[in-house]
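Because the structure is predicted, anything quoted here is derived from the model rather than measured. Chain letters run A, B, ... following the sequence lines, proteins first, then strands; residues in each count from 1.
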2 protein chains.
Amino acid sequence: MPQRAPMYRVIYDDIVAQIQSGALQPAAQIASENDLAKQYGVSRMTVRQALELLGSDDLVIRKQGSGTFVREHPRRGRRLSRLRSFADELASSGDHLASEVVRAELASAPDEVADALRLDPGDTVNRLTRVRRVDGVAAALQDAWVPYAVAPGLVREPLAEGSLYRTLSERYGVELQWADQSMTAAILEPDEARLLDVAPGGAVLHGLRTTFSRTGNPVEFTYGWTLPEFPLLLRIDAE
Amino acid sequence: MPQRAPMYRVIYDDIVAQIQSGALQPAAQIASENDLAKQYGVSRMTVRQALELLGSDDLVIRKQGSGTFVREHPRRGRRLSRLRSFADELASSGDHLASEVVRAELASAPDEVADALRLDPGDTVNRLTRVRRVDGVAAALQDAWVPYAVAPGLVREPLAEGSLYRTLSERYGVELQWADQSMTAAILEPDEARLLDVAPGGAVLHGLRTTFSRTGNPVEFTYGWTLPEFPLLLRIDAE
DNA sequence: TAGTGGTCTAGACCACGAG
DNA sequence: TCGTGGTCTAGACCACTAT
């Protein structure tokens, strides 16, 4: 059972919903901290928690002396400020997203995978390879490895809403906490090029990601290849 | 004159210094929120602001019921969770960093630069091209454009401590607030390859970055090319 | 000057982890 | 059970922006 959400999360979710529905347009000013505190019957500090989360999430800009405003980001790409599913990352671009599972099997952990997941080489792991498409065009290939003990049976059933993160969370009770990700550039190899349905030899964004649960244990290790047409978008805040 | 730093920032800086000096080793537990509040003579909420900043900065892990612990990240690469200079980004790897200015001139803004900086095409801008080296090996090329009005004379003087950000901040009073960055993969062109002293045709991490001041105006637009040996490192938190 | 966000207090109760 | 971090209150004063 999900427990009662904290108030700052309720306020955060409300405002996100208003932005996504268009009730709050880009550049529109959000109600002041004091007004929101009255509306929700909470203290101003609680409202600030919600607004600071929205700010760190790149959904609003906070300007001392002026107010809090909805941010606009029209560009297509993947936004990675919070841990979320691939679909959520691309959601703001409003395109049609699809995910095709091209491999789902139990496998023996290669050295690199075992190391990342803190297993012994050869231990049994779930391996799930997916091609992500945007408006029918292949955008990324992801090769995910999940310890068998974390999610037995993962490869035998379809993913919840097509999302590995939602499946781990909803069906296996894994609470995801953070991910370490590295991104670099690489030349697309024939194996990956074939799955992405493009020519090999081109440039590709290549990433490694290890996702950790709330208890600090690695629960997923993924290799990713993203085509150059789908850049990674970041917002970086000053200290 | 810099004004008095807020207490949460003082506490944050203290702990960062202790981590960097080794007084707080990786995985070491930090004093509890209540203890820190007593030590600094502030309320617990103020301590929490400092610790949450450290957490979002990837320097510590906070575990409910257990405590706050220093995080370890041994890997080489660029870490981009906060807006900082290139040197700061690589600082944790402990290698020798150098920056070579290969071009410093006034130029007319091309369309893309003018658009990013909200200028008219042809307006005068500072252009500063630098090669970044790690232990003598070329790691990245950066081509930065700064509006003339923001920093007149930027190209006529050496950078403060070799850092464009510090120069803008200390000499021109520009308060940097956030940056929008995109990263994608590309094939290295001959012009950039020559400056990086590597062969063209290889994969390279290609980025665009627009940095904004506290007033919301763009103050810098930079093209970057980073070689694959120096991946971008990210920590992504759950919601 | 009025209103906004930024910082801070001195408490409170709760959820979680470990012994 | 006890100490930790998570959430929350009902105020306060300050810094900044816009009028």
Side-chain angles (χ1 to χ4, degrees), chain A residues 1-13 15 27-56 59-71 173 175 177-178 212-217 237-239, chain B residues 1-13 15 27-56 59-71 173 175 177-178 212-217 237-239:
Chain A
M1 283 295 292
Q3 52 206 16
R4 174 187 135 275
M7 273 309 296
Y8 77 87
R9 198 56 166 80
V10 171
I11 299 170
Y12 170 94
D13 286 340
I15 296 173
Q29 183 167 6
I30 289 180
S32 75
E33 296 180 353
N34 279 316
D35 286 352
L36 287 170
K38 282 175 200 158
Q39 279 179 40
Y40 286 95
V42 299
S43 78
R44 193 178 145 218
M45 288 298 284
T46 303
V47 170
R48 281 182 61 79
Q49 252 186 295
L51 293 183
E52 274 158 19
L53 194 56
L54 286 164
S56 77
L59 288 168
V60 303
I61 298 185
R62 296 174 47 68
K63 290 187 185 171
Q64 185 175 67
S66 306
T68 301
F69 303 86
V70 178
R71 235 175 101 74
E175 293 181 272
Q177 182 75 356
W178 85 87
F212 295 83
S213 73
R214 182 155 183 167
T215 53
N217 294 312
D237 287 311
E239 305 203 41
Chain B
M1 284 296 291
Q3 51 205 15
R4 174 186 133 273
M7 273 309 296
Y8 77 88
R9 197 58 165 80
V10 171
I11 299 169
Y12 170 92
D13 287 339
I15 295 173
Q29 183 166 5
I30 289 180
S32 76
E33 297 180 353
N34 279 317
D35 287 351
L36 287 170
K38 282 175 200 156
Q39 279 180 39
Y40 286 95
V42 299
S43 78
R44 192 179 146 219
M45 289 297 283
T46 302
V47 170
R48 281 181 62 77
Q49 252 186 295
L51 294 182
E52 273 158 21
L53 195 56
L54 287 163
S56 78
L59 288 168
V60 304
I61 299 186
R62 296 172 49 67
K63 290 187 187 173
Q64 184 175 66
S66 304
T68 300
F69 303 86
V70 178
R71 238 176 97 76
E175 294 181 272
Q177 183 75 356
W178 85 89
F212 295 84
S213 73
R214 181 156 180 167
T215 53
N217 294 313
D237 288 311
E239 305 202 40

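Atom CE in A/Met45 sits about 10 Å away from atom C1' in C/dG6, given to the nearest Å. Between the CD1 atom of B/Ile30 and the C1' atom of D/dG5 there is a distance of 13 Å, given to the nearest Å. A/Lys38 places its NZ atom 14 Å from the P atom of D/dA10, with the value rounded to the nearest Å. Separating the OH atom of B/Tyr40 from the C1' atom of C/dT7 is a distance of 17 Å, rounded to the nearest angstrom. For the pair B/Ile61 CD1 and C/dG17 C1', the interatomic distance rounds to 15 Å; values are reported in whole Å. Atom-to-atom, CD of B/Gln29 to C1' of D/dG5 comes out at 11 Å; the value is rounded to the nearest Å. Here the C1' atom of nucleotide D/dC8 and the CZ atom of A/Arg9 are 17 Å apart, to the nearest Å. Taking atom CD of residue A/Glu52 and atom P of nucleotide C/dC8, one finds them 13 Å apart after rounding to whole Å.
The shortest distance between the side-chain N/O atoms of A/Tyr8 and the OP1/OP2 oxygens of D/dT7 is below 4.0 Å. Contact between the side-chain N/O atoms of B/Arg44 and the OP1/OP2 oxygens of C/dA10 is not found at any separation under 4.0 Å. Contact between the side-chain N/O atoms of B/Ser43 and the OP1/OP2 oxygens of C/dA10 is not found at any separation under 4.0 Å. Contact between the side-chain N/O atoms of B/Thr46 and the OP1/OP2 oxygens of C/dT7 is not found at any separation under 4.0 Å. Contact between the side-chain N/O atoms of A/Arg48 and the OP1/OP2 oxygens of C/dG5 is not found at any separation under 4.0 Å. At C/dG17, none of the side-chain N or O atoms of B/Ser66 fall inside 4.0 Å of OP1 or OP2 (strictly under the cut-off).
Closest to the side chain of A/Gln64, from the set D/dG5, D/dC16, D/dT9, is D/dC16. Here the nucleotide nearest the side chain of A/Arg62, chosen from D/dG5, C/dG5, C/dT9, is C/dG5.
Side-chain contact check for A/Gln29 versus A/Lys63: every heavy-atom pair is 4.5 Å or farther apart. No side-chain heavy atom of B/Leu59 sits less than 4.5 Å from a side-chain heavy atom of B/Ile15. Looking at A/Trp178 and B/Ile61, their side chains come closer than 4.5 Å, going by heavy atoms from C-beta outward.
Summary of the strand contacts: A/Gln49 and A/Lys63 both lie near DNA chain D, and taking for each the nucleotide with the nearest heavy atom, the more 5' one is attributed to A/Gln49.
For the pair A/Glu33 (side chain) and A/Thr68 (backbone), a donor-acceptor distance under 3.5 Å is absent.
Here the closest non-hydrogen pair linking A/Tyr8 and A/Ala50 is O-CB, 3.3 Å.
The residue A/Gly41 sits close only to the backbone: its heavy atoms come under 4.0 Å of sugar-phosphate atoms, none of a base.
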